[in-house]
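Below: one structure, written as C-alpha cells.
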Amino acid sequence: ENARRDFVSNVSHEIRTPVTSIKGYAETLLEGAMEEPEVARTFLETIDRQSERLCMLVDDILSLSRLERSEQLADIPFEKARAGTLVEAAMRACTPKAERQGVRLHMSGTMDAEIRVSGTLMEQAIINLVDNAIKYSDTDADVRIDVTQTADEVCIAVHDNGCGIAAEHLPRIFERFYRVDRARSRMLGGTGLGLAIVKHIMTVHNGSVSVESKPGHGSTFTLRLPSASATNTIN
C-alpha cells in the first residue's frame, strides 16, 4: 500500500511538470505571443516536446499497469522463440536512433538459443535496454548485445561504454521513477519507468535482470531467462 501511494504521488508529480509547461506556453501564446512568429514557433515546439513526453509517460504507466495485472493473473501467452530473432527485431527498432547519434550496434553469441516468452514483451525489454545504452553513449561509440546459453538459462546482455553508474545508485536503478541524473534523463526524453518495465517483464517470465556498472567505464544490463532448448553457437 505504501508503494502504491508512492507511485501515485510520483505519477502526479511527473505528469504535472509537462502539463504545467504546456498550459503556461499556451496561455502566453493566447495573450499575444502568437503575433510574433519566431516566438510563437519556439513556444509551439516546446509544447510539442512536452506533449510527446506526456504521451510517453502515459504509455509507460499503462504498460506497467498491464504487467502488474498479468503478474497477478498469469494470463500472458508464451511461445517458443529464437533469442536472435528478438535481438534482431530490437536492433532494427533502435537503429535509426543509433545512426542519428553516431552509435554502432553489434550482436553476437548463441543466436539460436530458444526461450519461451511473450515475443512482444521480451522485444520491448531488449529495446528499453538498447535505447538506454544509446542515450548514454557518446558519438562514435559501440553498443553490443551478446546472447549466451548454459544448460539452465539464456542470457541477453547489453553492453555500452557510456558514462556508467555509481555503486550507490545500482540497488535502486530498477525502481519506478528513480533517476541517477534527473535533469539529464528528462533532457534525453526518459520517463523514469523504462527499467522498471524491464524488471516487471522479466518477473512475468520467471527471469531476472541485473546490472554491472562503473563510472567512466560503461554499463552491462543482463536479462536472464530459463532455457527452452539446446542450440548451436555462432559469432
For [X], give me all partners under side chain to side chain donor-acceptor pair (under 3.5 Å), at least two apart in sequence or on another chain.
| X | answer |
| --- | --- |
| D146 | S108, R144, H159 |
| S213 | S219 |
| N161 | none |
| E175 | R172 |

Not counting sequence neighbours, which residues clear side-chain contact (heavy atoms from CB on, under 4.5 Å) with S51? List them please.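 So S51 forms a side-chain contact (heavy atoms from CB on, under 4.5 Å) with I22, I47.
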For residues [X] and [Y], determine if any side-chain heavy atom of one lies less than 4.5 Å from a side-chain heavy atom of the other.
| X | Y | answer |
| --- | --- | --- |
| D152 | S227 | no |
| I145 | M91 | yes |
| R224 | S210 | yes |
| V154 | T148 | no |
| L57 | F177 | yes |
| L195 | L129 | yes |
| T139 | V103 | no |
| L105 | C94 | yes |

Connected via hydrophobic side-chain network under 4.5 Å: V19 and V58: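 No, V19 does not connect to V58 through the hydrophobic network.
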Hey, what do you get for [atom1] ([X]) to [atom2] ([Y]), rounding to the nearest 0.5 Å?
| X | Y | atom1 | atom2 | value |
| --- | --- | --- | --- | --- |
| L29 | E35 | CG | CD | 10.0 Å |
| L62 | L193 | CG | CG | 11.0 Å |
| M202 | S208 | CE | OG | 6.0 Å |
| M122 | I115 | CE | CD1 | 6.0 Å |
| L225 | I156 | CG | CD1 | 6.0 Å |
| Q124 | S63 | CD | OG | 5.0 Å |

R49 and T46 side chains, donor-acceptor separation under 3.5 Å: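 T46 vs R49: donor-acceptor pair found between side chains.
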Using the side chain to side chain contact (heavy atoms under 4.5 Å, CB included) rule, take M107 and V147 through it: C-alpha gap first, then chi angles, then the decisive distance, then the call. CA-CA 8 Å; M107 66 178 187; V147 181; over 6 Å; no
Candidate pair R53 and T17, rule side chain to side chain contact (heavy atoms under 4.5 Å, CB included), full reasoning: CA-CA 10 Å; R53 181 183 164 203; T17 302; 3.6 Å; yes
Who passes salt bridge (charged side-chain N to carboxylate O under 4.0 Å, His left out) against [X], sequence neighbours left out?
| X | value |
| --- | --- |
| E36 | none |
| E45 | R41 |
| D142 | R104 |
| E88 | R82 |

May I ask you to check whether over 12 heavy atoms, not counting those of E38, lie within 6.0 Å of atom CD?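 Atom CD in E38 is not crowded, with 12 or fewer foreign heavy atoms closer than 6.0 Å.
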E52 vs D48, test: side chain to side chain contact (heavy atoms under 4.5 Å, CB included). Steps then yes/no. CA-CA 6 Å; E52 180 64 25; D48 182 59; 5.7 Å; no
Side-chain ([X]) to main-chain ([Y]) donor-acceptor, under 3.5 angstrom:
| X | Y | result |
| --- | --- | --- |
| S137 | A133 | yes |
| N128 | G194 | yes |
| T110 | A113 | no |
| E79 | S118 | no |

Listing request: all ring pair (Phe, Tyr, Trp, His ring centres under 6.0 Å) pairs with a residue in residues 78-132, at least two apart in sequence or in separate chains.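 Ring pair (Phe, Tyr, Trp, His ring centres under 6.0 Å) check on residues 78-132 returns F78-H205.
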Please collect all ring pair (Phe, Tyr, Trp, His ring centres under 6.0 Å) contacts where either partner lies in residues 15-39, sequence neighbours excluded, each pair once.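 Matches after skipping sequence neighbours: Y25-F43.
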Fellow cluster residues of I127, listed by chain then number, with links counted only when side-chain atoms sit under 4.5 Å apart: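 Once heavy-atom contacts under 4.5 Å are chained together, I127 still belongs with nothing else.
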Restricting to non-hydrogen atoms, name the atom on [X] and the atom on [Y] that form the minimum distance, rounded to 0.1 Å.
| X | Y | answer |
| --- | --- | --- |
| V143 | I134 | CG2-N, 4.3 Å |
| A157 | T222 | CB-OG1, 3.7 Å |
| P215 | A166 | CG-CA, 3.6 Å |

Just do the side chain to side chain donor-acceptor pair (under 3.5 Å) check on E212 and T220 with the steps written out, would you? CA-CA 5 Å; E212 295 179 9; T220 298; 5.6 Å; no
